[in-house]
Number of protein chains: 2
Amino acid sequence: MSHALNGKGIVRQETIDRIEQIAAEVGYRPSPIARGLQNSKLGLLALVIRPFHSLDTFLPEGVDYFLRTAGAASLAAMEHGYSMMLIDDPTKPGVPFSALAADAYIVTEPFENDPVLTMLSEQRIPFVCVGEDPARRGQFLAIEEHADTQTEMMLAHLSDAGANRIALVTGTDRNDWNLASQTAIVRWSESRNLRPLVMSVPEAEGERVGDAVMDEFFSGDPAEHPDAIYCLTGRHAAGVTAAALRRGLRIPQDLMVAAGSGSLQNQTSTPTVTTLDLKPEAIAQFAVEIAVKLAEGQRVKGPLVTPRATLNLRQSTAR
Amino acid sequence: MSHALNGKGIVRQETIDRIEQIAAEVGYRPSPIARGLQNSKLGLLALVIRPFHSLDTFLPEGVDYFLRTAGAASLAAMEHGYSMMLIDDPTKPGVPFSALAADAYIVTEPFENDPVLTMLSEQRIPFVCVGEDPARRGQFLAIEEHADTQTEMMLAHLSDAGANRIALVTGTDRNDWNLASQTAIVRWSESRNLRPLVMSVPEAEGERVGDAVMDEFFSGDPAEHPDAIYCLTGRHAAGVTAAALRRGLRIPQDLMVAAGSGSLQNQTSTPTVTTLDLKPEAIAQFAVEIAVKLAEGQRVKGPLVTPRATLNLRQSTAR
DNA sequence: CTGAAAGCGCTTACAG
DNA sequence: CTGAAAGCGCTTACAG
């Protein structure tokens, strides 16, 4: 009898003992699935890391943001009594049952008109985004990233450090981070009557984009050459730094380089590279907190504010 | 009728269409839990990263091994049509149903007499270890790590590079990696009539152990001072390198330093540090393959051989 | 205090 | 071709 095992009803100790013994003997183990069936909850959260789609490898070298997110989220989930599942796209045909069985979803960096958000919202599955769907701002519960403010912060720093002409290198994924950063530099440039210098290169290309970026910005009119390049990803920044050095430019004297999201790589390279610390652990913990509330049927209202990114000043921008 | 929706039986197209329409209208979504109940399978794998227990933070700086493992495992699982759950200890009281609902488990670096393995095997839940339970070798299905061979490979390299007296710094977790490495250096030292120089310091201390390690090995009889220190973790190696430098030792001339598991940190530090590449991605993929077989009821027999670790030679051991 | 029954939301034989 | 029934393995009221 289940009362004995789960200690719910009032059962004689003797009976409990006897039943527990037998249970142990036959190696009885209650099916977590059958249990979950009652309240249709498994105690499962899912982290959908959308940009996995665009990364050719999971190698975290220079892209530790997502792995730090995943790790912190898993740990935070456990602390709330949930498990965390890592998936990339639950809308793909042939996904396992489990990919749809989470009590709530966290979607990091959704794409423009992301089908994952569409599916989740159509099926009334609770979810929270980290970064908005750029095409549907305000439509879904989201933790705001403030990519615009972050960009402004970095531009202000570079400007203070003596840069006059700042170029931006973003990734090609159409997510909030890439798009809002672009908007921010365009606005910033135009307010100074400058033609915005922007280039988008695939995230997955990593360090390999260095020469292409240098070619793009340093081939035309010398008056238009940047004296600072802000790359959103640490790997792009590393590639640009290396390419600039190869071309005989001194960093930071001739060219400053900074990254919007760094890894240890940027802290130990020569020169070390200025980065933003996006606080992925804090964001992940916050997202888990919200997902747990959603999973438990609570209403959560925005705006959801995260800890601000901070600037890690390093040699590459220290003139 | 379910036949219409899942396309199993023979149903008129017309009926299918009608039912699908209604389903869409009412926002019907089949419960993955109820579905899973039939064959008591959810398409869920679990990765139990035991050393999480000992790490004070999930920050991957210098410990990217586990995160790389987690990432690669998640991706590999998806490719096999499974989801991957990240948990640290399913034996803890109060774990969610889901933590026990996986079809198969991968346990990385189990401890000595690890209760997780005990539970899993008692409950007849299929699992595969990465690294053996040091107290129960051969008892459970395990992917062998060859920590002993790895240690020998590193010792041979250091020896070739000119080291005469090599010290080993391990973590304090009682897992295969730490223990087998210790055994290997003891054997190696004794065969040369040398007193083994071994020290164990907590994994979680990371770079902070530098001075303690230097004190330990450089305080006594100068004849016993090592001219090479092999740290199993990259963070320990980084700490030792820094401490040695601070004391005026030149690396590698006066002291060589190497790590058994490195991260990007060791590739970009000054000097760069020689490490083993343990191939976590390959191991994770292999583990997932096995877990999938187990989940599907196939028998898997050992010995399970992994790709060999390779040596990344860097400045810290280049005399 | 304890057993038998109903129900969680599906799927899969089994009648009509 | 389609509907009604049984069953997956539990939990939770509900009788005895």
Side-chain angles (χ1 to χ4, degrees), chain A residues 1-44 46 81 83 90 93-104 119-120 122-126 295-297, chain B residues 1-44 46 81 83 90 93-104 119-120 122-126 295-297:
Chain A
M1 187 73 305
S2 56
H3 292 174
L5 286 172
N6 59 209
K8 278 286 172 67
I10 304 159
V11 186
R12 212 185 308 159
Q13 186 56 46
E14 193 182 308
T15 317
I16 295 183
D17 292 346
R18 183 169 45 86
I19 292 184
E20 274 180 352
Q21 232 212 58
I22 296 174
E25 267 171 31
V26 292
Y28 169 77
R29 115 178 145 106
S31 153
I33 304 179
R35 284 178 152 196
L37 188 56
Q38 316 294 330
N39 47 3
S40 60
K41 281 195 170 41
L42 234 27
L44 225 202
S83 304
V95 294
F97 292 163
S98 52
L100 299 167
D103 303 342
M119 181 205 77
L120 257 16
E122 272 175 3
Q123 314 242 275
R124 315 257 161 80
I125 304 173
E296 293 174 354
Chain B
M1 186 74 303
S2 54
H3 292 174
L5 287 172
N6 57 207
K8 278 286 173 65
I10 305 159
V11 187
R12 211 184 309 160
Q13 187 56 46
E14 192 183 311
T15 318
I16 296 183
D17 291 347
R18 184 171 45 87
I19 293 185
E20 273 179 353
Q21 232 213 58
I22 296 174
E25 267 171 30
V26 294
Y28 170 76
R29 113 176 144 108
S31 152
I33 304 179
R35 284 180 152 195
L37 188 56
Q38 316 294 331
N39 47 2
S40 59
K41 282 197 169 40
L42 236 25
L44 225 202
S83 304
V95 293
F97 291 162
S98 52
L100 298 167
D103 304 341
M119 181 204 77
L120 256 16
E122 272 175 4
Q123 313 242 278
R124 315 256 162 80
I125 304 174
E296 292 174 354

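In what follows, chains carry the letters A, B, and so on, assigned in the order in which the sequence lines appear, proteins first and then strands, with residues in each chain numbered from 1. Remember, it's a predicted structure, so these values are computed and weren't measured experimentally.
One atom, CG of B:Leu37, and another, C1' of D:dA6, lie 13 Å apart when rounded to the nearest Å. In this structure, OH of B:Tyr28 is placed 7 Å from C1' of C:dG9, rounded to the nearest angstrom. If you measure from atom CD1 of B:Ile33 to atom C1' of D:dT11, you get 14 Å, rounded to the nearest angstrom. We find that CG of B:Leu100 is positioned 13 Å from P of D:dC10, with the value rounded to whole Å. For the pair B:Leu42 CG and D:dG9 P, the computed distance is 14 Å after rounding to whole Å. In this structure, B:Phe97 atom CZ and C:dC8 atom C1' are separated by 12 Å, rounded to whole Å.
Neither OP1 nor OP2 of D:dC10 sits under 4.0 Å from any side-chain N or O of A:Arg35.
Contact between A:Asp103 and A:Ala295 at its shortest, heavy atoms only, is CB-CB, 3.7 Å. Shown here for B:Arg35 and B:Pro30, the closest heavy-atom pair between the two residues is NE-CB, 3.8 Å. Contact detail for B:Leu100 and A:Pro32: the closest heavy-atom pair is O-CG, 3.3 Å.
Across D:dG7, D:dC10, C:dC8, the shortest atom-to-atom separation from the side chain of B:Gln38 is found for D:dG7.
Of the inter-residue distances, the one linking A:Ile125 atom CD1 with A:Met119 atom CE reads 4.5 Å to the nearest 0.5 angstrom.
If you check D:dC1 for Watson-Crick or wobble pairing at under 3.5 angstrom, you find it paired to C:dG16.
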